[in-house]
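One structure is given here, and the rest of the page talks about it.
Just so we're on the same page: letters track the sequence lines, and every chain starts at 1. Computed from a predicted model, the values in this text were never measured in an experiment.
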4 protein chains.
Amino acid sequence: MNSWRTAIANSDETNIWIRGYSITDLMRKTTFTDLVFVLHQARLPTEKERRLMDAILIAVADHGAGAPSCATARLAASGNRESLSAAVAAGLLAVGTDHGGAGMACMEMIAAGIEDTRRDGVSVEAAAKKAVTEAATGKRLVPGFGHRVHTRDPRVEVLFDMAREAGLAGNGVAFVRALEAALHERGKAIPTNVDGALAAVLHDLGFAPSAGKFIFMIGRVAGLTAEVAEEYAREKPMRIRFDVDYDGVPPRPVE
Amino acid sequence: MNSWRTAIANSDETNIWIRGYSITDLMRKTTFTDLVFVLHQARLPTEKERRLMDAILIAVADHGAGAPSCATARLAASGNRESLSAAVAAGLLAVGTDHGGAGMACMEMIAAGIEDTRRDGVSVEAAAKKAVTEAATGKRLVPGFGHRVHTRDPRVEVLFDMAREAGLAGNGVAFVRALEAALHERGKAIPTNVDGALAAVLHDLGFAPSAGKFIFMIGRVAGLTAEVAEEYAREKPMRIRFDVDYDGVPPRPVE
Amino acid sequence: MNSWRTAIANSDETNIWIRGYSITDLMRKTTFTDLVFVLHQARLPTEKERRLMDAILIAVADHGAGAPSCATARLAASGNRESLSAAVAAGLLAVGTDHGGAGMACMEMIAAGIEDTRRDGVSVEAAAKKAVTEAATGKRLVPGFGHRVHTRDPRVEVLFDMAREAGLAGNGVAFVRALEAALHERGKAIPTNVDGALAAVLHDLGFAPSAGKFIFMIGRVAGLTAEVAEEYAREKPMRIRFDVDYDGVPPRPVE
Amino acid sequence: MNSWRTAIANSDETNIWIRGYSITDLMRKTTFTDLVFVLHQARLPTEKERRLMDAILIAVADHGAGAPSCATARLAASGNRESLSAAVAAGLLAVGTDHGGAGMACMEMIAAGIEDTRRDGVSVEAAAKKAVTEAATGKRLVPGFGHRVHTRDPRVEVLFDMAREAGLAGNGVAFVRALEAALHERGKAIPTNVDGALAAVLHDLGFAPSAGKFIFMIGRVAGLTAEVAEEYAREKPMRIRFDVDYDGVPPRPVE
């Protein structure tokens, strides 16, 4: 009843295997990025696949101390200096719907769109147009587009170029490109952001939509460790004081 | 091997007991604050003990949106709107050494000081003086004293007064008072803060030092839920942008 | 840009107010459960409202070391003994859709059902029947019903009885009772569980649906602190060993 | 007051730099493991350094579903299916003193020991012997030695061999080897475990002791994402039921 079924890792007294690969073989012959691929797809990536994965993990690792995940980790460290993992975990908890979550949402939209093309025999462009129209009707944003800081996100073209140069740009990249065109056609010149590019490429690398978040987390945790290390090294505890504007009930008696 | 030994809660198909008390009896006849006492001390508090516990839990519940725990919870909610518990947990992770942790540290100092009085037959005043001298020698702050905002923390006198009025002020209160006097004597007029007052009273209520943190967490989580509810209700996701001053390595090539 | 707007807590150098009430007044004249109500509803509860709130908080505080939240907290403590808040926060992270989350889902169903009765002039019974039919059509469970351990949850009748005796059982209790009847009529004799009872009563006390999770968390964190304290006191670190059944790829070479 | 000083990441409207390197250069020319090194050491590693880093990150990524971090993440996912990051963060919270924390503790011991050799002109062997004697006197375990499952951890020799082959085994490896010999001399044939090997190699790669935990976390979060993905894919929510042995106060009345 309490046993844990798993197909990930196995070990005996003198060996450990991950997805069937001996850990010592993995250590000697592969990279950490290979292992991330192995953990989620149960096979080693090709050289080209690995280089794309590296680019994605690098793209999302850090972006500035003001991002919610980084600021959350640093604030937790500001109050709690007894546990490095507590601060890093607090940073991860800021990752979700609105921060690091658009990749997964975009991957779900890609998967649904590609399924449309298969089932209904429509083109990628038509499926993308339909998805954009449905989002507009439901007053939902299309995930993976727009950024409040970057007018043109430097990471997007690099990811798309690398995918194309590697011959790995497939339906996912085509669909996200078609989404951008469909948005443009509706008068919304909103560029693809890093979440959208990551979603397109991860889809073409064969990942499930949840990887949109998981891969973001793996990359981001590297950045968070550096942010927490810097907070410990450079700042005093409890350094943060925010200006608070109180606009609630004025003083009143308890009675 | 996998069974969990516990002396806290027990249940069968139709009943649940906490520390031996039937949960339906507890629900009908006691308060949540009684239950907090039961969970940590395995007995119901007296009426006077309960009133002190209520005052302590109220004292630490919230204090303003700018405290690390509250700001951390709100920042996590700002990025991640998929899980209320993730935001509240992030806030709790800011509780530790420097925020909500001084109570536990002060309770450990009280416990050691009272042990001194027993073992060496010295007075509470002498033990407190020794503790303050040792802290000064080791260049450590005395936990439970000083506050960056309040010159005089409004919660401190109320807690001490309530303990005295209830006839529950014992060695813990005496020791913290003696610490304050010893600090004053060394030219440091640093008033007792809410952590010190909480520590004194929890000690006299029979709690172990770890309760200094646990009781803070129970009180604070109430405030955190309200902070997170307000963040959802009043703010858009990703609202926070911090000014970041970069002072690291200037641009350089990868080679 | 970085200021935090809030209507919860305010302070100056010598005072703190929660929802306009001076914290020293709250400490002297009210209970922690009153404060929970104040934090979420911006007014003090009546005596009868407070007693119901106490019963709810007690009902959800703990239930046995094997619940996901308690086991998660204890497992975290088993690996990480440097931070009490890390272990308690880990426990809170197990609270969500399937553990402590049905109350919120049920409150959303109640709110929608009561809105139906207002808009369409139908009876509570008709609205409940419609909700159960819709859930069955969509193959969704009705949240707040059924329990894997208790055939009859001892907390449910007590909560309903206390609400009725206090004259505080309103539309929420009526709707949940009607849901149970509608389920029974469809041949599903699934009793209301503690989440459903909590949802009914919190609705009638005027809380928003999110309180279904927030109030659960406040109660549960009290239990979690006791579970973590017991883990530290009674168990060695790293005590847990699960039996793991590996059924993945057999050993293979890296090539 | 609210600005965040940082030397890690910087960005403007069209560029992002990490430690001065343009993110697009990093994406095109380096690996994720390079970036981890850049984040913590502000320079790119050599090819040999990177291969050692890869081996370390692979070594700690996963080890079986029964480890506290993996089991904690899966348990949190069992109760809370609304947030992938909540489950992964819960797993990270199990990382600390007793799980994933020995590497940092061992790195602190190495740093102190190497400092001894510099200051007192003693040999690495003498410094290690002194450290082991002090630990024995204080009844403290030497961190980085011993494992409850593996009689001989397969990862240890590989890490040491790779460091030696790369010409990167320095004082850190020598000190840990000397600790093992000193333990053996005292009749304790406790082999170096993966934490000790990781500590030795990270020290020789120039990392600060805190990296013992940070690098572990980066590696482990990769494993945690796969564990959580598997929990979602293979198990029903709330699947876990532990056997609980209650040995507390027997039933008693509330009075």
Of all the heavy-atom pairs spanning [X] and [Y], show the shortest one and how long it is.
{"X": "B/P154", "Y": "C/T24", "result": "O-CG2, 3.2 Å"}
{"X": "B/G64", "Y": "C/A9", "result": "N-CB, 3.5 Å"}
{"X": "B/L92", "Y": "C/S85", "result": "O-CB, 3.4 Å"}
{"X": "C/F32", "Y": "B/A222", "result": "CZ-CB, 3.7 Å"}

Taking the basic N atoms (NZ, or NE/NH1/NH2) and the acidic carboxylate oxygens, is any pair closer than 4.0 Å for B/R5 and C/E231?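 Judged by the 4.0 Å cut-off on N to carboxylate O distance, B/R5 and C/E231 do not form a salt bridge.
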Value rounded to 0.5 Å, distance of [atom1] in [X] from [atom2] in [Y]:
{"X": "C/I8", "Y": "B/H63", "atom1": "CD1", "atom2": "NE2", "result": "14.0 Å"}
{"X": "B/L224", "Y": "C/I218", "atom1": "CG", "atom2": "CD1", "result": "9.5 Å"}
{"X": "C/K29", "Y": "B/I58", "atom1": "NZ", "atom2": "CD1", "result": "12.0 Å"}
{"X": "C/E82", "Y": "B/T97", "atom1": "CD", "atom2": "OG1", "result": "11.0 Å"}

Measure distances from C/D62 to the heavy atoms of chain B and classify the residue's part below 4.5 Å as side chain, backbone, both or neither.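 Answer is both: backbone and side chain atoms of C/D62 are under 4.5 Å from chain B.
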In sequence, state the C-alpha distance, the side-chain angles, and the governing distance for C/F214 and B/V228, and then conclude on side chain to side chain contact (heavy atoms under 4.5 Å, CB included). CA-CA 9 Å; C/F214 285 135; B/V228 171; 3.9 Å; yes
We want to know whether B/H40 and C/T225 form a side-chain donor-acceptor pair, criterion being a heavy-atom distance below 3.5 angstrom.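 Side chains of B/H40 and C/T225: pair found under 3.5 Å.
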Should we say atom CZ of C/R51 is surrounded by more than 12 heavy atoms from elsewhere, each under 6.0 Å from it?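 Atom CZ in C/R51 is not packed in, count stays at 12 or less.
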Residue among C/T33, C/V36, C/L93 with most heavy-atom pairs under 4.5 Å to chain B: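 Top option by heavy-atom pairs under 4.5 Å: C/L93.
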Closer than 3.5 angstrom, by distance alone: can the side chain of C/T6 be matched with the main-chain N or O of B/A65 as a donor-acceptor pair?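 Judged by distance alone, no pair lies under 3.5 Å.
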Do B/T31 and C/R50 have side chains that approach each other closer than 4.5 Å (heavy atoms only, starting at C-beta)?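 Counting from C-beta outward, B/T31 and C/R50 never come under 4.5 Å.
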